[in-house]
Protein chains: 2
Amino acid sequence: MKSYSFAEENYLKSIHSLSFGQPEGVSTNSIARLLNTKASSVTAMIGKLHTKELVSYEKYKGVTLTPEGEKIAIGVLRKHRLWEVFLVDKLDFKWDEVHEVAEQLEHIRSVQLTDRLDKFLGEPKFDPHGDPIPSSDGVYRENQPTCLLSDLNVGDQGVVVGVLDSSKEFLRFLSDKDLLLGTQFSVVKLFEYDESREIKFDDRTESLSQRVSTNIKIKRL
Amino acid sequence: MKSYSFAEENYLKSIHSLSFGQPEGVSTNSIARLLNTKASSVTAMIGKLHTKELVSYEKYKGVTLTPEGEKIAIGVLRKHRLWEVFLVDKLDFKWDEVHEVAEQLEHIRSVQLTDRLDKFLGEPKFDPHGDPIPSSDGVYRENQPTCLLSDLNVGDQGVVVGVLDSSKEFLRFLSDKDLLLGTQFSVVKLFEYDESREIKFDDRTESLSQRVSTNIKIKRL
DNA sequence: AAAAAAAATTAGTCTCGTCTAAAAAAAGTC
DNA sequence: GACTTTTTTTAGACGAGACTAATTTTTTTT
């Protein structure tokens, strides 16, 4: 098993995240912006990754990941998101405090560690921001941008990623219903009359008023 | 809060661990041996740490940590040992598999993380090897080298750190008695007749045959 | 106390990842 | 199509941290 430096892993991760909807390749400047470095540094690193056959590259065109490069990027992403779950679920971090620490933890090298952490956390499918966690063989599907539960129609599926109304009362209401961050659900009924919805999750069905569903941020699945 | 490189932290940690019973200062070669580097690299780093006032140093004499340097070294040690507990208690690592991973985790920078991890683990006082975990304000007492439970006399205290006989049967016996790794105990009676001992732990008293106590590795407290 | 051995330091080099400044290529504009 | 602006690449340098080889200091041996 080859192993890569923090810097290399960060570049691969950045290229991966910028690749979405960019089949042409990712631009040097966009990588530099994301990593807070200069374009010249990016060019240098791209050359290095190219030599190692982790990216495809032609001067002045963009870069794309090779299958090997993508595998590494997804591995880092998996670790990042698993650690975020750990920090939030086990150490009671708020989900907006975890990023910086997870940026460090994602580079810890140990296959055993990652897989055991995954089991320990109950093999979660989503991180605290609602982003999907790649499986150990690198399979996952990046999901849609955030929208509201009230945007969904019958048959749509989603995962809870946040709230608009963060009052004690509302959070209490959600926790009474077991509608926690990361809960996956599908919309089974929609009553035009009052815009209330029935959703199914954890093998239960619950009815939510329009008031409630306009205050829950979700991502489509 | 200043922050230090992985390399700096590793040197400080090494100097700290070599300082035990060396009030004269630690030798360049001993550090090089411990870190698998060359003496010249050590000299260079010592110069750097000296400039930052983390070590006291005079050419050709040894190095010692300043109070600031020691604070940092103990902080790293605390993180290392807490992560070892996490790996063994939560992720079911064997206690001889944890070192390499903990060497990486000990450098994660986040005071919040360390303190929350400590709480999550139940504020353990010893790591899986029986070494004491420094408190967040840096207080701890390094303990004695390993000996056998059969070496202890009435009134002595110790902590279980391993076994000589690692057969299924013996490990089963120990787990039936709740004599786990990390258990702290004191010897309350010693019967000269058969060399059996009564030990007290977790508010219980148990009697151990000579056979048993010669197979349990402990550290004195 | 002189010679030999061991330990520590200096001098000079290397790789990694970054930077600035300058040059070259691509894209946008009139 | 020529000119300007933006993007990208090259050239050259630097700091961190490691190395080898040579030198100096300390310690040990006789």
Side-chain angles (χ1 to χ4, degrees), chain A residues 2-16 18-19 22-65 69 72-73 76 103-104 106-107 109, chain B residues 2-16 18-19 22-65 69 72-73 76 103-104 106-107 109:
Chain A
K2 272 166 250 160
S3 126
Y4 302 93
S5 70
F6 285 26
E8 289 169 326
E9 288 190 352
N10 281 332
Y11 275 96
L12 292 172
K13 191 178 57 148
S14 298
I15 296 167
H16 177 79
L18 292 168
S19 289
Q22 300 284 131
E24 318 289 295
V26 175
S27 78
T28 304
N29 267 350
S30 63
I31 299 170
R33 237 183 334 268
L34 192 58
L35 287 174
N36 272 308
T37 58
K38 302 296 168 176
S40 56
S41 311
V42 175
T43 304
M45 180 57 92
I46 288 174
K48 196 176 159 195
L49 295 174
H50 184 55
T51 307
K52 297 191 177 185
E53 300 187 34
L54 301 174
V55 299
S56 308
Y57 174 57
E58 236 185 303
K59 272 191 205 168
Y60 295 104
K61 321 284 184 190
V63 267
T64 50
L65 296 175
I72 296 161
V76 175
E103 286 284 305
Q104 299 177 59
E106 71 189 2
H107 300 295
R109 281 184 268 269
Chain B
K2 272 168 250 164
S3 124
Y4 302 93
S5 71
F6 284 25
E8 289 169 328
E9 288 190 352
N10 281 332
Y11 275 96
L12 292 172
K13 192 178 59 149
S14 297
I15 296 168
H16 177 78
L18 292 167
S19 289
Q22 301 283 131
E24 317 289 295
V26 175
S27 78
T28 303
N29 268 348
S30 64
I31 299 170
R33 233 181 338 265
L34 192 58
L35 287 174
N36 272 307
T37 58
K38 302 296 168 179
S40 56
S41 310
V42 175
T43 304
M45 180 57 92
I46 288 174
K48 193 177 161 194
L49 296 174
H50 183 55
T51 307
K52 298 192 178 187
E53 300 187 37
L54 301 174
V55 298
S56 308
Y57 174 57
E58 236 184 302
K59 269 189 206 168
Y60 296 103
K61 321 282 185 197
V63 267
T64 50
L65 296 175
I72 295 161
V76 175
E103 287 284 305
Q104 299 177 59
E106 71 189 1
H107 300 294
R109 281 183 270 268

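Since the structure is predicted, the reported quantities are computational estimates derived from the model, not experimental observations. In the text below, chain A, chain B and the rest are named by the order of the sequence lines, each starting its count at 1.
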Expressed as a whole number of angstroms, how long is the span from [X]:[atom1] to [N]:[atom2]?
| X | N | atom1 | atom2 | value |
| --- | --- | --- | --- | --- |
| R33(A) | dT6(D) | CZ | C1' | 12 Å |
| Y60(B) | dA7(C) | OH | C1' | 9 Å |
| E24(B) | dT26(D) | CD | C1' | 15 Å |
| E58(B) | dA8(C) | CD | P | 15 Å |
| K52(A) | dC16(C) | NZ | C1' | 10 Å |
| H50(B) | dT9(C) | NE2 | P | 12 Å |
| E8(B) | dA18(D) | CD | P | 10 Å |
| I31(A) | dT9(D) | CD1 | C1' | 14 Å |

Review point. Checking only heavy atoms, does the side chain of T28(B) share a donor-acceptor pair with the base of dT9(C) at less than 3.5 Å?
Key: no
**base_contact_polar (dT20(D) base, S40(B) side chain, donor-acceptor, <3.5 Å)** = yes
Have a look at [X] and say if it touches a base, only the backbone sugar-phosphate, or nothing, with a 4.0 Å heavy-atom cut-off.
| X | result |
| --- | --- |
| A39(B) | base |
| F6(B) | nothing |
| T37(B) | sugar-phosphate |

Partner of dA25(C) under the Watson-Crick or G-U wobble criteria, both distances under 3.5 Å, comes out as dT6(D)
Handout entry: Derivation of the side-chain hydrogen bond (donor to acceptor under 3.5 Å, both in side chains) call for T43(A) and S40(A)
Key = CA-CA 5 Å; T43(A) 304; S40(A) 56; over 6 Å; no
From the candidates dA18(D), dA8(C), dC19(C), the one with an atom nearest any side-chain atom of M45(B) is dA18(D)
Looking at [X], does any N or O in its side chain come under 4.0 Å of the phosphate oxygens OP1/OP2 on [N]?
| X | N | answer |
| --- | --- | --- |
| N29(A) | dT6(D) | no |
| K59(B) | dT26(D) | no |
| Y57(B) | dA8(C) | no |
| Y4(B) | dA16(D) | no |
| T43(B) | dA8(C) | no |

Nearest-nucleotide check on DNA chain C, K61(A) vs A44(A); residue mapping nearer the 5' end is A44(A)
Does atom CD of E53(B) have more than 12 heavy-atom neighbours from other groups under 6.0 Å away? no
Q) Aromatic rings F6(B) and H107(B): how do their planes relate, parallel, tilted or perpendicular, breaks at 30° and 60°? A) parallel
Donor-acceptor contact below 3.5 Å, side chain R109(B) vs main chain Q104(A): no
**Prompt:** Donor-acceptor pair, S19(B) side chain versus I15(B) backbone, under 3.5 Å?
**Reply:** yes
Rounding to 0.5 Å, atoms NZ (K59(A)) and OG1 (T28(A)) come to a distance of 12.5 Å
